[in-house]
Amino acid sequence: MKDYVFSINGKFVDEGDAKVSVLDHGFLFGDSIYEVVRTVNGKLFAADRHLKRLHKSAQALDMPLQRDDDWFIKHWRAMHKRRGGGESYLRIIVTRGVGPLSLDYSKCDKQNVIGIAKPLNVWPDEDYAHGCKVVLAHVRRNPKQATDPAIKSGNYLNNVLALKEAREHQGAEAVMLNVEGHVTEATTSNIFMVKDGVVKTPARKEGLLEGVTRGFIIEVCRQLGIRCEETIFTGDDLLNADEVFITGTTRDVMPVGHIGRHKIKRTPGSITIRIANAYHEVLHDPKNHQ
Ligand code: PDD
């Protein structure tokens, strides 16, 4: 079984040969988009939703995809097969391509597609049993009016710096506020809080990536008859929550036990547990597998 697998434009290569030109605008300017699909029992989970978001990112950056959906599905499957076992984390990056050393991309006519597969992250059991620690980062999420965080682009520098703050305090994740001081999301996961039986997650307009997992959790709440609001809340609201959890492709539903030194009231809380169990069913439902 291989740990890492690499491909360039559909061709599998060794790490040393997994190269793009230094004139690729993805490298030069972060002018690229990406998606991460995971496997469940060796099948692609929710690849249709990830593809939909890839198209949305592509459209927002004026770089319509040069390969069709079938190509991406087949390549994600091939990447997993090539790893040869276990569950996979399958990242596909689409770059603007090679062009002159200029912000003007009109001469970049051939996108590069890079595949990187690795084993699906396994987070400490302790984080699921007693909740992980997150910090409230000083670095802010970029506003929608700049590079919209709804675009899953290669520009993750704010998130990189926010995660550094988390690591400095032994945190697993960093929660990022927007410039108005409202909670948006964490560096590679979305965030939810529970207060008085109501589940809340930041509204899209606050500036965040609409996670595929986030979308499933909103649907799961509806099915369970739990009220779920896409709304506005602050860091203080989060500290006063009854329960807090983060969601994402690699973490599923992970309860939060501490925000900095502050302990969250219930970890994991009963509503978080119900949602996590229901999401487990969604993950294993063959109708979500491709
Ligand atoms: N990150 N917010 C951000 C900024 C993210 O990068 C991610 C995912 C999420 C959660 O989205 P989803 O539920 O679709 O995974 C939220 C991926 C996993 C990554 O960069 O590895």
Side-chain angles (χ1 to χ4, degrees), residues 4 26 30 32-40 44-57 60 72 76 79 87-94 114-123 132 134 137 139-144 146-166 172-178 182-193 201-221 228 230 244-254 256 275-276 279-280 282-283 288 290:
Y4 274 79
S32 64
I33 54 175
Y34 78 98
E35 274 301 325
V36 175
V37 168
R38 64 167 288 179
T39 60
V40 175
L44 305 181
F45 174 72
D48 50 347
R49 296 190 186 210
H50 285 281
L51 266 176
K52 203 168 155 203
R53 191 170 63 190
L54 188 67
H55 280 288
K56 202 174 143 194
S57 300
F72 286 100
W76 267 316
M79 286 163 73
E87 300 290 9
S88 297
Y89 169 108
L90 306 167
R91 178 182 292 230
I92 286 187
I93 304 159
V94 183
I114 299 157
I116 308 176
K118 64 171 188 169
L120 188 70
N121 307 45
V122 180
W123 306 98
C132 66
V134 304
V139 177
R140 300 293 169 106
R141 195 69 171 109
N142 42 308
K144 269 179 88 69
T147 311
D148 188 345
I151 305 168
K152 199 160 172 61
S153 80
N155 270 282
Y156 261 56
L157 268 183
N158 291 318
N159 306 34
V160 165
L161 296 175
L163 188 67
K164 169 181 166 280
E165 294 185 43
E173 255 288 29
V175 177
M176 302 178 79
L177 308 175
N178 61 19
H182 304 154
V183 174
T184 62
E185 61 180 336
T187 65
T188 53
S189 42
N190 291 110
I191 189 153
F192 290 75
M193 60 169 264
T201 195
R204 282 171 285 188
K205 66 176 170 52
E206 295 302 307
L208 51 91
L209 183 78
E210 277 183 80
V212 168
T213 322
R214 175 184 182 275
F216 277 120
I217 298 303
I218 293 170
E219 291 168 26
V220 157
C221 287
C228 179
E230 293 178 70
V244 176
F245 60 90
I246 53 176
T247 66
T249 294
T250 67
R251 292 178 196 271
D252 303 338
V253 175
M254 183 181 277
V256 172
I275 291 172
Y279 182 64
H280 186 80
V282 169
L283 268 179
N288 296 321
Q290 271 106 28

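Atoms within a ligand are numbered from 1 in the order they appear, just like the ligands themselves.
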Check this for me, if you would: do Lys144 and Glu206 make a salt bridge, where the nitrogen-to-carboxylate-oxygen distance has to be below 4.0 angstrom?
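A salt bridge is absent here (no side-chain N lies under 4.0 Å from a carboxylate O).
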
Pair Arg141-Asn159, side-chain donor/acceptor within less than 3.5 Å
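Yes, Asn159 and Arg141 have a side-chain donor paired with an acceptor closer than 3.5 Å.
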
Would you mind telling me which of Arg91, Lys152, Arg53 makes a salt bridge (charged side-chain N to carboxylate O under 4.0 Å, His left out) with Glu35?
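The salt bridge (charged side-chain N to carboxylate O under 4.0 Å, His left out) with Glu35 is passed solely by Arg53 among Arg91, Lys152, Arg53.
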
Given Arg214, which partner from the list Glu230, Glu219, Glu185 fulfils the salt bridge (charged side-chain N to carboxylate O under 4.0 Å, His left out) test?
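The salt bridge (charged side-chain N to carboxylate O under 4.0 Å, His left out) with Arg214 is passed solely by Glu230 among Glu230, Glu219, Glu185.
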
Report the C-alpha distance between Tyr4 and Tyr89 in whole Å, list the side-chain angles of each, state the deciding distance to 0.1 Å, and finish with yes or no for ring pair (Phe, Tyr, Trp, His ring centres under 6.0 Å).
CA-CA 10 Å; Tyr4 274 79; Tyr89 169 108; 8.9 Å; no

Quick one: do Asp252 and Arg38 satisfy salt bridge (charged side-chain N to carboxylate O under 4.0 Å, His left out)? Show the steps, please.
CA-CA 11 Å; Asp252 303 338; Arg38 64 167 288 179; 2.7 Å; yes

Which protein residues have a heavy atom closer than 4.0 Å to any atom of ligand 1, listed by chain and number?
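Ligand 1 pocket, heavy atoms under 4.0 Å: Tyr34, Val36, His50, Arg53, Tyr89, Arg91, Arg141, Lys152, Tyr156, Asn159, Glu185, Thr187, Thr188, Ser189, Asn190, Leu209, Gly211, Val212, Thr213, Gly248, Thr249.
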
